[in-house]
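Values below: every heavy atom of this structure, side chains too, minus hydrogens, waters and symmetry copies.
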Amino acid sequence: MRPKEVMTVTTEAPSAPPRVRREVLESLIGLLLGMFVAILSSSVVSTSLPKIIADLHGSQASYTWVVTATLLAMTVSTPIWGKLADLFNRKLLVQLSLVLFVVGSALAGLAHSTGTLIGFRVIQGLAAGGLTALSTVVISDLISPRERGRYMGILGGVMSVGMVGGPLLGGVITDTSWLGWRWNFYVGVPFAILAIIVLQKTLHLPALPRRRVRIDYLGATLIAAGVSLLLIWVSLAGQEYAWASRQTAAMVAGGLVLLALAVAVELRTAEPIIPMRLFRNRTVVLAIIASVTVGVAMFGTSVFLSQYMQIARDKTPTQSGLLTLPMVLGSLVSSIVVGQIISRTGRWKRWMVLGGVLTIAGIALMGTIGSHTSFVLLSIYMAVLGLGVGMTMQNLVLVVQNSINVRDMGAATATVTFFRSMGGAMGVSALGALLGNRTAELITEGLARLGIRAPGGAGGRSIPDVSALPAPIRTVVEDAFGQGVAELFLAAVPLAVISLIAILLLKEVPLGTKTGIELAREELP
């Protein structure tokens, strides 16, 4: 009888009392709303960008930077928000992030040039960094790692819906005559206000122990400056100057020097933004490596699939969003179902390995598309990629949270999110530059075959209005963008392979059964 009892304990997650579970779910609603608006801020404009950039008379570089500005601000601010979560009231920080999001969104909707739009998108990105990092930290306070799997699955599902479903919402808004693309920036505001109200009423966290607070301003500045410089280099290289150039050497060297100085500061300061001791933890390092590819897949797919659908396939923003639903559903289903299984069994590695394999397969399959690919096949490819991302994205955070000291919960969670966002930002920037250069070459070659010389040889530098082009030129542009987007996915395959290797090297450790609050109380003298 005893072996059977032991087996029951190891295979079934402990159930929380009904009242406790109800309180957790009430608080979770506010956190999910916050996470949804954070992801929505970077994804809702994806299908509208061709029209937005055309209306504001922007270029391919502007197109990329409207997305990159948000990702950049989110990336550099994430570790700062995470460290603040270890020092200050987490509920107040979440609400502050939501207020910042409302302000940034309202201003972005009023922009009348690509420059001002990019600037206001930075404010949205700062808010998104806080919401992305803080939501998972607060969940760790309320729920044990063993139970956290199912909630992380729901959180991952919301992120997937926001990231891939956002373009559908943006497309519908843009195609609605009495709304227009500016409402893409306003649509998240009601969700943010509702989240503030819900969290105020339902989220109750114990006060942090009183201690002297020291904020590492120098470390935060150096990290932000170093990462920003590298991301700016990636977005401009190949367009404004050659990859192998003096500008590249200066920016890469400058970025690396700034980050090296940041490491030196973090090793000596009492309250580092990113504690260097985290990198002595093998699980944290491997999860960071795997997260980079997830970021590229999650952010890059939504951005460049919209260009593919609208330019290579001549679809409206609404149609473009609808056609990405297979990826939404794949990610949503796998995230929630696998999260439930992990909480019930306590086993996570097999599912993450499967997710890594599916991510490789999905990216490789997307590398075979063209301007005439069957939408049935395209749907299958997107569904495979969605399944893979859904199985790995939030579970990487869960694995890290299960392996670190509760005092570093905020910093560790934010660090993984930081590298995922950085992977997405660098991926979008680098792939956007590659797409601009490649489509310019392909369009120039295609026009040459028609006996037409492209003005300045820069046929692919600006975002074309395909519907206004003569049929022969239109075919050249569609084929160029179809081939260009496919090549972007092929370029991401090696990253996906590295991610799978990192997941394979992760050691499967049993998930803990105590919440962050309980662990913190145990550490009190």
Counting distance only, does the side-chain N/O of Ser228 pair as donor-acceptor with the main-chain N or O of Ala224 below 3.5 Å?
yes

For residues Tyr308 and Leu378, report the shortest heavy-atom separation together with the two atoms involved.
CE2-CD2, 3.8 Å

What is the minimum heavy-atom distance between Ala312 and Gly482, and which atoms define it?
CB-N, 3.6 Å

Does the side chain of Leu134 reach to within under 4.5 Å of the side chain of Ser97, using non-hydrogen atoms?
yes

Trp351 CH2 to Ile342 CD1 distance, which is reported to the nearest 0.5 Å:
8.5 Å

Side chains of Thr248 and Trp233: is there a donor and an acceptor less than 3.5 Å apart?
yes

Does atom CZ of Phe279 have more than 12 heavy-atom neighbours, drawn from other residues, nucleotides or ligands, at distances under 6.0 Å?
yes

Under 4.5 Å between any side-chain heavy atoms of Met352 and Val399, yes or no?
yes

Going through the checks in order, is the side-chain contact (heavy atoms from CB on, under 4.5 Å) test met by Leu96 and Leu100?
CA-CA 6 Å; Leu96 176 61; Leu100 194 60; 5.7 Å; no

How long is the straight-line distance from OG1 of Thr359 back to CG of Leu495, given to the nearest 0.5 Å?
12.0 Å

Of all heavy-atom pairs linking Leu506 and Ala287, the shortest is CD2-N, 4.4 Å

How many angstroms lie between atom CE of Met276 and atom CG of Leu267, to the nearest 0.5 angstrom?
6.5 Å

Rounded to the nearest 0.5 angstrom, the CD1-OG distance for Ile223 and Ser77 is 12.0 Å

With side chains defined as the heavy atoms from C-beta onward, is the minimum distance between Thr283 and Lys507 less than 4.5 Å?
no

Does Phe191, at its CZ atom, have more than 12 non-hydrogen atoms belonging to other residues, nucleotides or ligands within less than 6.0 Å?
no

Pair Leu259-Leu222, side-chain contact (heavy atoms from CB on, under 4.5 Å): steps then yes or no:
CA-CA 6 Å; Leu259 291 178; Leu222 290 170; over 6 Å; no

Side-chain (Glu508) to main-chain (Trp348) donor-acceptor, under 3.5 angstrom:
yes

Quick check: does any side chain N or O of Lys349 sit under 3.5 Å from a backbone N or O of Leu504, one acting as donor and the other as acceptor?
yes

If you take all heavy atoms of Gly129 and Thr78, which pair is closest and at what distance?
CA-OG1, 3.7 Å

For the residue pair Met366 and Met382, establish whether any side-chain heavy-atom pair is separated by less than 4.5 Å.
yes

I'd like to check Leu365 versus Phe489 (side-chain heavy atoms, cut-off strictly below 4.5 Å). Are they in contact?
no

Measuring from atom CD of Gln310 to atom CG of Leu323, what distance do you get when rounded to the nearest 0.5 angstrom?
10.5 Å

Tell me, with the steps shown, if Ile288 and Val284 meet side-chain contact (heavy atoms from CB on, under 4.5 Å).
CA-CA 6 Å; Ile288 285 172; Val284 172; 3.9 Å; yes

Is there a donor-acceptor pair closer than 3.5 Å between any side-chain N or O of Arg282 and the backbone N or O of Leu505?
yes

Between Gln483 and Arg438, is a side-chain contact (heavy atoms from CB on, under 4.5 Å) present by the stated rule, with each step listed?
CA-CA 9 Å; Gln483 182 178 337; Arg438 187 60 178 142; 3.3 Å; yes

Is there a side-chain contact between Leu84 and Arg90 in this structure, where contact means two heavy atoms from C-beta onward sitting under 4.5 Å apart?
no

Cation-pi check, Arg313 to Phe375: give yes when NZ or CZ is under 6.0 Å from the six-membered ring centre and within 45° of the ring axis, no otherwise.
yes

I'd like to know if the side chain of Ser335 and the backbone of Leu332 have a donor-acceptor N/O pair within less than 3.5 Å.
no

Over all atoms of both residues, closest heavy-atom pair of Thr392 and Gly356:
CG2-N, 3.8 Å

Check whether any side-chain N or O of Thr269 sits under 3.5 Å from a backbone N or O of Glu266 as a donor-acceptor pair, and report yes or no.
no

Within the 4.5 Å heavy-atom criterion, are Thr368 and Tyr381 side-chain neighbours or not?
yes

Closest non-hydrogen atoms of Ile363 and Ala496, given as atom of the first, atom of the second and distance, are CD1-CB, 3.9 Å

Phe101 side chain near Ile123 side chain, heavy-atom distance below 4.5 Å
no

Roughly how far, to the nearest 0.5 Å, is CD1 of Ile289 from CZ of Phe419?
10.0 Å

